[in-house]
Amino acid sequence: MHGECGEKGAEGEKKEKEEKEKERKKRSRSRSSSSSSSSSSSSSSGESKKGKEQKKSKAAAGADAAILEIREVISLIKKSSFEAFDLLSSQLDAAIEERRQVLGSNYARMELEAREAIKQAKSRLKEEALKTVRKSLEKFRTATKNTISDLENNISRTQSNLSEWFGDQREALAEEVRQAIQSAQKRLRHEAVKLVKAAITEFDTVMSAEALNSVEEKSRNVMEEQATAVGDELQALKDDLAHRSAEAAKRVAELDERKEAAGKEVTRLTECLKSFGESLESTENEVYNVSDDLAATLEKEKTEEPELVLADLHKREQAIKAVKEGLEKIQAEGNQLREALQKANEDPLTRTVAAVELETSLASLKKLTSKIAVIFMTIGDTLQDAESGIERTKKKAASAKREREQKELFARFATPDQVLTEDAVKQLAEAEYELTLQQSEFLEKVRTAFGEGPINYENFARLRQMLAVEAAEVKARQKKLEEEARLKKEAAEAEARKKELLKLEATVSVLIQKAEAAIPDLATTLAGIEVDYADFILKNEGFKAQELLTGADGLEGALGAPSTSLEAVRNILDEIDKVLAPDLPEILDKEAKELHIKFGRAEARAQRMRKIIEKAREKAKDLAAKEERQQKQKQEFAKLQAHYENDGEDDEDDDDGGEWQS
């Protein structure tokens with residue numbers, strides 16, 4: 001439908017106008033012929049009744065035929081296209097007018113039916129026209145920059161061809177068309193900007209000069225292709241392109257520098273690995289040399305003096321430890337080298353420069369590290385052999401030393417015949433073991449063990465053992481005696497302390513009883529004083545100075561005896577505190593604390609009354625001074641009043657004299 005409407009031009013419109021004019025003339029001729037036929041029918045009114053019935057039947061058949069013909073046209077109008085509607089509607093009008101006479105009374109009904117059919121057809125065609133345009137508008141949603149121009153031309157032709165069918169929707173539909181075109185143009189502009197920005201953002205991932213050139217060429221091509229579509233954003237996109245291109249070029253330059261630095265670093269690490277391998281090989285040779293030297297020294301155990309062999313073994317041990325320390329340093333260097341190689345291998349940039357070299361270096365380092373473990377095992381075995389040899393040689397040297405010292409000791413006390421007499425045994429015991437051997441049981445043991453004669457060197461070791469045992473037994477007996485003496489002393493001290501505590505407990509009990517007897521009397525006495533002097537204590541605001549002093553003196557006198565008793569109780573409590581000891585019964589301490597609480601209450605009561613006395617005297621002093629000032633003021637006022645009175649009498653005398661004289 002849209003294609004047919006698009007192909008119809010001005011020539012078709014002209015033909016339609018000519019056909020409409022012909023139809024109008026034809027309808028006018030039909031109306032004139034029908035009027036003439038009506039005049040002829042009126043002239044034949046004198047025919048016979050039979051002829052009238054035939055005519056009536058013939059007229060009814062003609063009307064039915066006319067209705068069928070008209071309805072055929074109506075059915076065509078209901079299905080008509082835009083191009084055929086005007087022609088069919090004209091034909092329908094002409095058919096009704098031509099058959100007006102034939103239709104007779106059916107004319108009005110058929111005319112109404114025709115008008116309704118035309119109205120419905122117009123409504124249908126209007127909807128189809130709107131659907132046709134809106135269907136064309138749907139294509140704008142998927143329009144591309146290559147098809148949007150053709151779509152705009154097609155929609156313009158469709159609007160022009162179908163404009164008469166839009167009716168009151170013409171302006172709204174025109175606005176829809178404008179919005180659809182604008183939306184498509186906006187979408188295409190957005191897509192174009194998006195394409196250009198996508199091409200520009202590829203600069204952010206550029207990592208090499210080759211990639212930079214490729215992205216620059218691609219982005220320029222996209223920019224040229226979309227230059228028209230992006231509209232007024234073209235300059236901003238060009239600026240962004242230039243900025244990102246410059247940033248990418250700067251980044252590529254920095255990457256090239258980093259690649260060069262990474263290559264140098266890999267070369268350095270390779271050299272370090274080579275030096276590491278050489279150091280490890282040298283250390284391995286040292287380990288084998290030290291191991292051989294140790295084996296040679298251990299062979300000397302059989303032939304040389306233990307002291308000489310021990311000194312040599314110590315030297316070998318130090319040499320092994322030195323080699324071990326050197327190997328540990330090499331191992332630390334290897335760990336650092338491995339970390340550096342792994343870090344370089346994990347760096348994508350460094351891998352792009354020297355991936356093969358890094359993999360090779362890491363594999364070589366792994367082999368060397370395994371070799372270090374083997375060398376450490378060799379050093380451990382060698383060091384263990386050295387330590388075992390040293391321990392073994394130490395025992396031999398110690399044994400030789402003990403033998404030598406024993407011979408020297410025997411020689412000190414032996415006779416020229418190399419035997420020990422009984423006197424020599426006594427001297428040996430006193431000098432070496434601090435034993436005094438006169439006619440002790442130990443000498444009998446010696447005679448039983450070695451006989452009555454002197455003792456030779458072969459029995460000297462056993463003699464020393466017997467002396468050591470005897471010395472230990474003597475010391476044990478002495479220690480036992482000292483322990484028994486200490487226990488006796490502690491028992492005596494405990495007994496004395498027990499007696500002392502009993503005495504202290506009795507003393508404390510007596511003191512507590514005295515205090516317990518005195519404190520209730522004190523409390524009662526103080527309470528009585530408070531009652532006796534209640535007015536003075538509680539209601540002394542209106543007292544005069546003398547009354548305050550009298551009350552203070554009376555209260556102070558009343559507190560004299562209780563104060564003495566308080567002091568006596570305080571002394572008792574102080575004595576209790578001095579005598580109380582931690583190991584006395586707890587009940588005494590508890591009673592003493594309760595006494596302190598009761599005494600504190602009584603003393604606080606007495607102290608409150610002492611403060612009342614002190615304040616009363618201060619107040620009396622102030623009141624006395626005030627009363628003295630008032631007395632002086634009264635005296636001065638009396639003098640002044642007397643003076644005024646005397647002056648008045650003198651004035652009266654003067655007045656009397658004046659009158660007399662006058």
Donor-acceptor check, side chain of Asn571 to backbone of Glu567, threshold 3.5 angstrom: yes or no? yes
Glu216 side chain to Ser245 side chain, donor-acceptor N/O pair below 3.5 angstrom: yes
Nearest 0.5 angstrom please: Ile375 CD1 to Glu281 CD, how far? 9.5 Å
Measuring from atom CZ of Arg244 to atom OG1 of Thr201, what distance do you get when rounded to the nearest 0.5 angstrom? 6.0 Å
Verify the distance criterion only: is there a donor paired with an acceptor across the side chains of Asn335 and Arg338 at less than 3.5 Å? yes
Spacing of OG1 belonging to Thr415 relative to CG belonging to Asp423, to within rounding of 0.5 Å: 11.5 Å
Straight-line distance of Gln427 CD to Thr421 OG1, nearest 0.5 Å: 7.0 Å
Exactly one of Asn289, Ile320, Leu383 should register a side chain to side chain contact (heavy atoms under 4.5 Å, CB included) with Leu294. Which one does? Ile320
Which distance, rounded to the nearest 0.5 Å, do you find between the CD of Glu473 and the CD of Glu470? 5.5 Å
So, Gln607 and Arg610: side-chain donor and acceptor under 3.5 Å apart, yes or no? yes
Could you check whether Asp347 pairs with Arg351 (Lys NZ or Arg NE/NH1/NH2 to Asp/Glu carboxylate O, under 4.0 Å)? no
Is a side-chain N or O of Thr350 found less than 3.5 angstrom from the main chain of Glu346, in a donor-acceptor match? no
Has Ser214 got a side-chain atom pairing as donor or acceptor with Glu210's backbone, closer than 3.5 angstrom? no
Ignoring hydrogens and geometry, is there a side-chain-to-backbone donor-acceptor pair from Ser291 to Val287 under 3.5 Å? no
Should the pair Glu432-Arg412 be classified as a salt bridge under the 4.0 Å nitrogen-to-oxygen rule? yes
Would a distance-only check, ignoring hydrogens and angles, find a side-chain to backbone donor-acceptor pair under 3.5 Å from Ser275 to Glu271? no
